[in-house]
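In what follows, a structure is listed as structure tokens, so that the remarks can point back to it.
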Amino acid sequence: MIRKVYLIVFIFLAIVSLKLNAQYFHNLDVNNGLSQPSVMAIGQDTLGRMWFGTREGLNVYDGGRITSYKGEVDNGENGKLWIGNSVSYIVSDNLSDRSKIFFISDFFLYSYDVESDLFSRIDAEGDVTAITEYSICTKK
């Protein structure tokens with residue numbers, strides 16, 4: 001009898017523990033606003049937004065909606081900027097004073113400044129094939 005009580009208590013605690021540790025997962029696709037279903041790269045900025053590079057542009061998800069950037073984008077007072085379509089790499093620079101997202105689109109290197117909400121083309125040749133990030137740690 002006592003074994004049955006222990007078994008019931010154990011099963012109850014296991015079920016409660018599973019429910020407490022469950023995490024919500026939201027599936028994003030073209031029905032939610034993603035520009036294309038083939039995601040080639042993923043990054044996250046300092047605001048917690050998720051960035052997705054697809055074959056049809058750069059997409060940013062803020063937890064509620066997706067904003068897509070592809071082809072020519074409005075770049076504030078700087079006018080329009082062509083950022084291409086096929087985004088193959090995304091790297092976030094969250095260590096500097098001004099957080100930026102770096103990405104490769106159609107073999108050109110671009111940056112997006114999170115604070116100013118502006119894009120910049122860094123590479124003029126169009127021959128960038130990969131990017132990565134690194135940090136230097138110093139002991140105090």
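In this chain, residues are counted from 1 in sequence order. Because the structure is a prediction, the values reported are computed rather than measured.
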note = When every non-hydrogen atom of Tyr69 is compared with those of Ile83, the smallest separation belongs to CB-CD1, 3.7 Å
query = Going from CG on Asp93 to OG on Ser111, what distance comes out if it is rounded to the nearest 0.5 angstrom?
reply = 10.0 Å
message = Hydrophobic cluster membership, with links at side-chain heavy-atom distances under 4.5 Å among I/L/V/M/F/W/Y: are Val39 and Ile104 in one?
response = no
Test item: Asp106 side-chain N/O and Ser86 main-chain N/O as donor-acceptor pair under 3.5 Å = yes
query = Is any side-chain heavy atom of Thr67 less than 4.5 Å from a side-chain heavy atom of Arg65?
reply = yes
request  = Kindly give the heavy-atom pair with the smallest separation between Ile90 and Phe52, and that separation in Å.
outcome  = CD1-C, 3.7 Å
ask   = Is there a donor-acceptor pair closer than 3.5 Å between any side-chain N or O of Asn85 and the backbone N or O of Gly71?
value = yes
query = Can you tell me how far the CD1 atom of Ile66 sits from the CG atom of Asn32, to the nearest 0.5 Å?
reply = 5.5 Å
message = Within the structure provided, determine whether Phe107 and Asp127 are in side-chain contact (heavy-atom separation under 4.5 Å).
response = no
message = Does the plane of the ring in Tyr112 sit parallel, tilted or perpendicular to the ring in Trp51? Use 30° and 60° as the thresholds.
response = tilted
message = Applying a strict under-4.5 Å side-chain criterion to I, L, V, M, F, W and Y, I'd like to know whether Tyr89 and Met40 cluster together.
response = no
Reported NZ-to-CG distance for the pair Lys100 and Asp45, which is rounded to 0.5 angstrom = 14.0 Å
key: Closest non-hydrogen atom pair between Val73 and Lys70, with its separation   = CG1-N, 4.1 Å
key: Over 12 non-hydrogen atoms of neighbours within 6.0 angstrom of CZ in Arg55   = no
Asn75 side, atom CG; Arg121 side, atom CZ - distance, nearest 0.5 Å = 11.5 Å
key: Nearest-0.5 Å distance that lies between atom CG in Leu47 and atom CZ in Arg49   = 5.0 Å
query = Are Tyr110 and Ile131 co-members of a hydrophobic cluster defined by side-chain heavy atoms under 4.5 Å apart?
reply = no
query = Will you find, in the side chains of Ser35 and Asn59, an N or O donor that is under 3.5 Å from an N or O acceptor?
reply = yes
Ile122 reachable from Phe119 in the ILVMFWY side-chain graph, under 4.5 Å edges = no
query = Linking I/L/V/M/F/W/Y whenever their side-chain heavy atoms sit closer than 4.5 Å, directly or via other members, would Ile101 and Phe108 fall into one cluster?
reply = yes
query = What pair of heavy atoms forms the shortest contact from Leu58 to Val87, and how long is it?
reply = N-CG2, 4.0 Å
Test: Glu72 and Lys80 ion pair at under 4.0 Å = no
query = Just how far is it from atom CD1 of Ile42 to atom OG of Ser92, taken to the nearest 0.5 Å?
reply = 12.0 Å
